[in-house]
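Report on the following structure.
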Amino acid sequence: MTEDIRVRYAPSPTGHLHIGNARTAIFNWLFARHYNGTFVIRIEDTDSARNIADGEKSQLENLAWLGLDWDESPDKPGVYGPYRQSERNEQGIYQEFIDALLASGQAYKSYKTSEQLASEREAQQAAKQAPHYVYEYEGLTNEERESKYAEFEAQGLKPVVRFRVPEEQVYAWDDIVKGHIEIGAKEVGGDWVIQKADGMPTYNFAVVVDDHLMKISHVLRGDDHVSNTPKQIMIYEALGWDVPAFGHMALIINGETGKKLSKRDENLLQFVEQYKELGYQPQAMVNFIGLLGWSPKGEDEIFSLSEFKEMFDEKRLSKANAKFDQKKLEWVNNQWMRRDTDAVMPQLTQELVNADLLSADDAKTKKKWLEEVIRVAGVDGISYTRQIVELVRKPFFELSDITDEMVEYLTSEDGRQVADAWESAYKALPTNATAVDYMNTIRAIQNDLEIKGRNLWNPIRIMTTHEVQGPNLPEMLTLLDKDNVLKTMADVKMKYLA
RNA sequence: GGCGCUAUGGUCAAGUGGUUAAGACGUCGGCUUCUCAGGCCGAAAUCGAGGGUUCGACUCCCUCUAGCGCUACCA
């Protein structure tokens, strides 16, 4: 790689951080950091109608949550600011180049109304032609065109500025991920708008101006931008600028529809924030996303951001779209939670407070006990922290109802014997009995009564926890309050074994 | 419709002319002498189709098919 690598992530603040955008951001970050380049964040807010309050803030917060950092951004201005397109527009940055293009005749003002445009398009479609902008000043001299402008202005029409596309050109580039791509200028659909009637530059124009001014060397973005690329290259050329390297990454698609993730799909959580709320770990999100559309050399699957950074190689970016596999994400997250359970523990206990299983105060005073409960219940079996609630709820905070199946276990001949033996053995044990003590006690009953397996364990489980399944019973017993257990046993006995 | 891109198991994917076609998720089966979870072991692919090139093709070429993307005064 050459010196001065500068890459950017350029979101528009139209919502929270989307999985697809997060991926673009992550790979740009990886590219920048791997090659000791600069990572800049630029906000593309030229569509005021679609901007949402706090969209920008939320995006940056989520990026930071994922563990990304950046060198230049609206909140961390470098020398190429400002970093919001709306502000850049106010400073006349785009206007300068629009004027230059207008002056050189490479762009012109167009006063067609949206109705005119629509009917042109309809006519073309009716004639089975590809929709294509029709240049309205064909054959006119500059002076004649200027006087047309004046006419339209007099009618109170607001112009847009369109770029005069050199129709015979073919635009080609060597894509970092897809290889050589060529697209003819006539495929872009004719002269396109570079400045909207409200004075804002359009995306395809603003990106070029900004990327050039910000000295962006590599543009890594989604596949969906391939067909924008010729438009952008023509602007670079018209302005006499060097064209950066482009890389178009395959898209993440919805497993059910097979289509590009759309914010409207409701069968899939697609905002980073939603995963965060469920208790997914940022490292896991990065890990999973980093493996979507990119593959490492070896056979390992669990990587931290900094490991990805070390290994990063743009040549291993995949060309084919990848389906978003929630199951795999869950597995990756489980791996991260197990890898450092201590770090996740505060989050796990907080989930129980959030679910009203206990008060925040109790969570504090019973911290040790709570952590043991969580460990015994088994972090191994959950995909994200929110799931700990249901794992721990019964029997630690609530008791299930006794089912018919349980009654059968209790009232069988074996059941009655085990119940009696267990009751007296349990009563005889000290309050601070260990899991080993409980285990030995149960084994002793097994030997005495010569009853084993479910017929032995289930009656004990049912009497003490109202369950026939669950985590290791001896360990659970050390965490249950003895008086409560005695009461539960007495109730069960009275109700079913009297 | 046009243009562009892509094509290895349900999913993510390794693989660059000769391999038993890695690995992971998921699924299914077995084991772990209470269950759940976890762990361990094991199973499952005519490499989109059809033609070539070659002693030999997942790998190279052609055609077809399918999927996706774009086709705005959205970004």
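Here the structure is a predicted model, which means the values were calculated and not measured. We name chains A, B, ... by the order of the sequence lines, and we start the count at 1 in each one.
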Item to check | Base-contact (B) and sugar-phosphate-only (S) positions in nucleotides 63-75 of chain B, heavy-atom cut-off under 4.0 Å, - elsewhere | outcome: -----SSS-SBBB
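Residue contacts shown for A:Leu291 are limited to sugar-phosphate atoms, with no base heavy atom under 4.0 Å away.
Within the shown strands, B:rG23 is the pairing partner of B:rC12 under the Watson-Crick or G-U definition, both distances less than 3.5 Å. In this entry B:rU35 has no Watson-Crick or G-U wobble partner, no candidate having both defining distances under 3.5 Å. The partner of B:rU6 is B:rA66, by the rule that a Watson-Crick or G-U pair needs both atom distances under 3.5 Å. Shown here, B:rC40 forms a base pair with B:rG30; the pair counts as Watson-Crick or G-U wobble because both key distances fall under 3.5 Å.
Below 30°, between 30° and 60°, or above 60°: for A:His248 and A:Phe246 the angle between ring planes is below 30°, a parallel geometry.
The distance from atom CG of A:Leu317 to atom C1' of B:rA14 is 15 Å, rounded to the nearest whole Å.
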Next on the checklist: salt bridge (Lys or Arg N to Asp or Glu O under 4.0 Å) for A:Asp342 and A:Arg375? Distances and angles first, verdict last.
Outcome noted: CA-CA 10 Å; A:Asp342 287 345; A:Arg375 277 184 209 286; 3.0 Å; yes
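A cation-pi arrangement is absent between A:Arg454 and A:Tyr409, since the terminal nitrogen or guanidinium carbon is not both under 6.0 Å from the aromatic centre and inside a 45° cone about the axis.
A:Arg416 places a side-chain N or O within donor-acceptor distance of the main-chain N or O of A:Thr411, the cut-off being under 3.5 Å.
A side chain to side chain donor-acceptor pair (under 3.5 Å) with A:Tyr111 is found for one member of A:Glu153, A:Glu136, A:Gln116 and no other, namely A:Glu153. Residue A:Phe288 forms a ring-ring contact (aromatic ring centres under 6.0 Å, His included) with just one option from A:Phe324, A:Trp331, A:Trp336, and that option is A:Phe324.
Put simply, A:Lys323 has a side-chain N or O that comes within less than 4.0 Å of OP1 or OP2 on B:rU11.
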